[in-house]
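See below for the structure under consideration.
Note on naming: letters A, B, ... go to the chains in the order of the sequence lines (proteins, then strands), and numbering restarts at 1 for each one.
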Amino acid sequence: MKVRVRLAPSPTGTLHLGTARTALFNWLFAKKEGGTFLLRIEDTDIERSREEYINDIYDGLQWLGINWDESPTIQSERVNEHKQIIKTLVDKGFAYKCYASEAELDEMRETQKRNGLAPKYDNRHRNLTPEQESEFIKSGRDPVIRFKISDEKLISWNDLIRGKMTWSGKDLGGDMVIARRAPANSIGDPLYNLVVVADDSAMKISHVIRGEDHLANTAKQILLYEALDLNIPVFAHTPLILNSEGKKLSKRDGVTSISEFKKMGYTSEAMANYMTLLGWSVPEGINERFNISEVSEIFSFKKVNKASAKFDWDKLNWLNSQVIHEMSAETLLENLEPLFKENGWHLPSHEWGINLVGLIGPSMVLINDGVDQAKPFFEEQELSEDGKKQLEIKEAAVILKFILEKLEDTDAASFSKEKALDLINQATKSCEVKKGLVMKSLRAALFGTLNGPDLIQSWVLLSRFSKDRARISRLI
RNA sequence: UGGGAGGUCGUCUAACGGUAGGACGGCGGACUCUGGAUCCGCUGGUGGAGGUUCGAGUCCUCCCCUCCCAGCCA
């Protein structure tokens, strides 16, 4: 069987972490099996769907390196086909018009709940007589169209992740609505379960891979496949990504959009790596830090976990830092230079820039950290509390004075690590202090704080602007 | 409430019925400036009770907990 899978996002919001992970599993499976990965935009809810979200979804997938085959299917463009299918179902007696009002059904559900029952449509209009129908129409009622679900029906499928699944028709909430309310002589807007079946079939989807929150939909959809005499695809229901409370991730949980992660300074490699790791376990001997192209050669649902996983910032941060450490200085500089420009910072030379990112790279977790860490090299910093304290030590002034005098005899252009180290050693000896005191004082004077990257290399970079002298002398 | 899916260190996970291991985090040390870099070490777990078995995270029974669905949303 030729593998054809799809991602079917609804453009009612930006590309969500959960959707992106589903995309990844579909993509990985398609790549592994030499199949095709398709995209279908489910924009049948016209009220909530927006063009800008479609673009956000495309951008996010591309950024993650999840490329799709063929041009995306736009669901709303297929509405006539969907209505035709609904008409067929009605004509064949699989579906019927239900005139019950929403208020009437709300009341029905309320009563059921009060009596400790699960809310469920009671199929009250399944067998209306033509007389009853015309009565409703005459009174101005418009119907929805419902697909019959027999209480006795047993539905089962073999899930690639969960094994054999079985549902009973009586647990599917009664006859399901497949078309919105519309005048009786027409067909209303087709709804989710119907359009999914219609489109998955039309797109010749072989495997439906989606979150486990769709389990009940799958049972309903199988009934539609059977009624329409269509081939039933293979199903795989993936575990979900949960928030730290163990609930389904929602917009309320803060950052959940791929575009937001990108903006914060996460790399696409780390995001894809982490999303794959949540739910899929690496075979023995393979490092947890991987590229999805490597996984696409070994991906299997056998290694996909059944239980949902809680999202963990620490692990994502670690992966992101690993990705940054692996970057060449050239690549890292390419990532940072636009951010530097936004702050009005200009590199004195490309080589200087390379040395700078080489220095700060190892301590970056997010790409955006590079901005904070580079800042002291471009802009003079206020003294921090502990920096101030360090410079209040009485030897500090003596040390700085000594170094400043020596610097004035030194050529800024040829200042080097060796010369910097030599100066520090000279100061240590001449001022009769511990080397640590010299270095801490110098760090405080040059950068305002007591922590940062390697002091000697930092000093050499700073000297390129002759800023080292200026910064020391301001304190004397 | 009904149905469904799940439950191994704090988190993500590994373990033909055969020593519960790894990663992240946390804690401690090293790097004779800092540390959010790097290296080393430590910490910590099979939801509960029975049962089968020489031996149970794994098999059986009962219980508990969590999540998902129960829309004329997708």
Taking the ring of A:F377 and the ring of A:F447, is the distance between their centroids below 6.0 Å? yes

With heavy atoms under 4.0 Å as the rule, sort A:E102 into base, sugar-phosphate or nothing. base

Give me the distance, rounded to whole Å, that separates B:G25 from B:G36 when you measure between the C1' atoms they each carry. 14 Å

Heavy atoms under 4.0 Å, any strand shown: does A:D189 hit a base, just sugar-phosphate, or nothing? nothing

Does the pair A:D253/A:K247 count as a salt bridge with the N-to-O cut at 4.0 Å? no

Counting any heavy atom closer than 4.0 Å, what does A:G361 reach on the DNA or RNA strands: base, sugar-phosphate only, or nothing? nothing

Compare side-chain N and O positions of A:R162 against OP1 and OP2 of B:G4 and report whether any pair is under 4.0 Å apart. no

So for A:N317 and B:C24, does any side-chain atom that can act as donor or acceptor lie under 3.5 Å from a complementary atom in the base? no

Distance test, side-chain N/O of A:R180 to OP1/OP2 of B:C73, below 4.0 Å: yes

Heavy atoms only, 4.0 Å cut-off, all strands: where does A:K120 land among base, sugar-phosphate and nothing? nothing

Presence of A:T44 side-chain N/O under 4.0 Å of B:A74 phosphate oxygens OP1/OP2: yes

What contact category does A:G116 fall into here, base, sugar-phosphate, or nothing, at under 4.0 angstrom with non-hydrogen atoms? sugar-phosphate

At 4.0 Å (heavy atoms only), tell me whether A:N305 reaches a base, stays on the sugar-phosphate, or touches nothing. sugar-phosphate

